[in-house]
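Take a look at the structure set out below.
Computed over heavy atoms, backbone and side chain alike; hydrogens, waters and symmetry mates excluded.
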Amino acid sequence: MDSSLLPVVLAFPCCLLAVRAYRRWSTEGQLPLPPSPPSDPFIGHLRYGLAADPHVSFYELGKKYGDIIHLNTFGRVTIIVNSVQRAFDLLDKRSANYSDRFIPRALNDKIATTKYLPVQLREARIFVQKLAQGPNIPEMETIISTFVTTIIVRIVSGYQIISPHDPYIKLAREVSAALAQGGSPGGSLLDFFPF
């Protein structure tokens with residue numbers, strides 16, 4: 001063996017041991033993750049999330065590995081809950097343990113939220129009047145989107161929408177259509193990158 005290759009040959013196993021020791025040290029003290037299927041090198045469990053119907057793929061994994069599983073993709077851990085009862089137990093009964101979202105003070109302040117009540121009541125009355133006229137199914141979508149968009153736009157900007165042909169209604173429909181065509185959350189390769 002050439003003596004110039006000796007440092008490379010010795011460095012490779014040392015690097016592997018260092019990575020293994022770092023992984024063991026960095027996960028020390030953490031709770032264990034739920035079971036998961038075998039992962040692929042470098043990409044982890046990426047192929048399970050990129051299926052045509054990821055919910056079906058997750059359901060099949062749940063039948064094999066249990067109600068709660070984890071997937072690791074590019075170092076990002078995703079917990080999949082495959083049971084309504086387990087989801088209720090975790091997300092409702094223990095939500096304070098798992099939530100790291102900041103709740104704005106305004107949402108907890110009844111005075112701040114009740115100042116928009118007149119806008120909501122006015123639009124709700126108009127909405128019920130339109131429903132009482134017995135619209136057909138295609139008109140229902142227009143009535144509902146107009147109702148929701150009118151309340152949001154009025155509260156956010158103060159602008160009053162008076163017609164279902166208003167530019168804001170058209171914009172809301174276009175945004176909704178674009179979001180619908182964007183695919184399901186987690187169904188894109190970009191959703192799995194850790195940045």
Side-chain angles (χ1 to χ4, degrees), residues 48-59 61-62 67-71 73 76-195:
Y48 297 107
L50 290 180
D53 294 319
H55 61 282
V56 175
S57 174
F58 297 154
Y59 175 74
L61 288 172
D67 289 341
I68 302 175
I69 60 172
H70 89 275
L71 301 178
T73 308
R76 181 177 173 192
V77 175
T78 304
I79 305 295
I80 309 293
V81 181
N82 278 308
S83 161
V84 174
Q85 186 59 44
R86 289 283 183 117
F88 179 79
D89 290 344
L90 293 171
L91 300 176
D92 190 50
K93 293 181 180 176
R94 299 183 190 175
S95 62
N97 296 345
Y98 305 117
S99 178
D100 61 352
R101 291 187 179 180
F102 170 72
I103 299 175
R105 186 172 173 268
L107 293 178
N108 291 331
D109 188 1
K110 289 189 178 187
I111 295 171
T113 55
T114 56
K115 76 178 186 179
Y116 302 115
L117 193 59
V119 173
Q120 295 171 342
L121 287 174
R122 178 182 176 277
E123 294 305 322
R125 287 185 186 110
I126 294 170
F127 177 68
V128 171
Q129 288 172 353
K130 289 180 181 177
L131 288 180
Q133 295 171 359
N136 58 26
I137 298 299
E139 290 175 342
M140 284 294 292
E141 182 180 346
T142 303
I143 292 170
I144 293 170
S145 67
T146 302
F147 169 66
V148 172
T149 306
T150 301
I151 291 175
I152 293 170
V153 169
R154 181 63 187 241
I155 290 173
V156 171
S157 69
Y159 179 78
Q160 178 64 46
I161 295 175
I162 51 176
S163 163
H165 305 293
D166 192 279
Y168 280 107
I169 300 293
K170 182 182 179 209
L171 180 64
R173 282 195 196 110
E174 290 172 358
V175 168
S176 179
L179 288 172
Q181 290 175 356
S184 64
S188 166
L189 180 62
L190 292 176
D191 292 330
F192 292 99
F193 283 100
F195 47 83

Inset, instruction - Go through T149 and I161 one step at a time and tell me if the side-chain contact (heavy atoms from CB on, under 4.5 Å) criterion holds. - result: CA-CA 8 Å; T149 306; I161 295 175; 4.1 Å; yes
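- In this structure, CG on D166 lies 11.5 Å from NZ on K170, to the nearest 0.5 angstrom.
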Inset, instruction - Walk me through it: do M140 and L131 pass the test side-chain contact (heavy atoms from CB on, under 4.5 Å)? - result: CA-CA 8 Å; M140 284 294 292; L131 288 180; 3.5 Å; yes
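- The shortest distance between side-chain heavy atoms of I126 and K130 falls below 4.5 Å.
- Of all heavy-atom pairs between T146 and P164, the closest is OG1-CB, 3.8 Å.
- Rounded to the nearest 0.5 Å, atoms OG (S163) and CD1 (I169) are 8.0 Å apart.
- Using cut-offs of 30° and 60° for the angle between ring planes, the Y168 and Y159 rings count as tilted.
- S145 contributes a side-chain N or O that, together with a main-chain N or O of T142, makes up a donor-acceptor pair within less than 3.5 Å.
- Annotation for Q120: atom CD counts as buried by contact number, over 12 foreign heavy atoms lying within 6.0 Å.
- Going from atom CD1 of I143 over to atom CD of Q129 covers 11.5 Å, rounded to the nearest 0.5 Å.
- Going from atom CZ of F147 over to atom CD1 of I152 covers 10.0 Å, rounded to the nearest 0.5 Å.
- Contact annotation: the side chain of I80 approaches that of L71 to within less than 4.5 Å [non-hydrogen atoms, C-beta and beyond].
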Legend entry - Worked check of side-chain contact (heavy atoms from CB on, under 4.5 Å) between R86 and I68: CA-CA 8 Å; R86 289 283 183 117; I68 302 175; 3.5 Å; yes
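- Sparse packing is recorded around CD1 of I162, with 12 or fewer heavy atoms of other residues, nucleotides or ligands lying under 6.0 Å away.
- Proximity of Q160 to R122: side-chain heavy atoms (C-beta onward) are separated by under 4.5 Å at one or more points.
- Of all non-hydrogen atoms in F58 and N82, the two that sit nearest each other are O-ND2, 3.1 Å.
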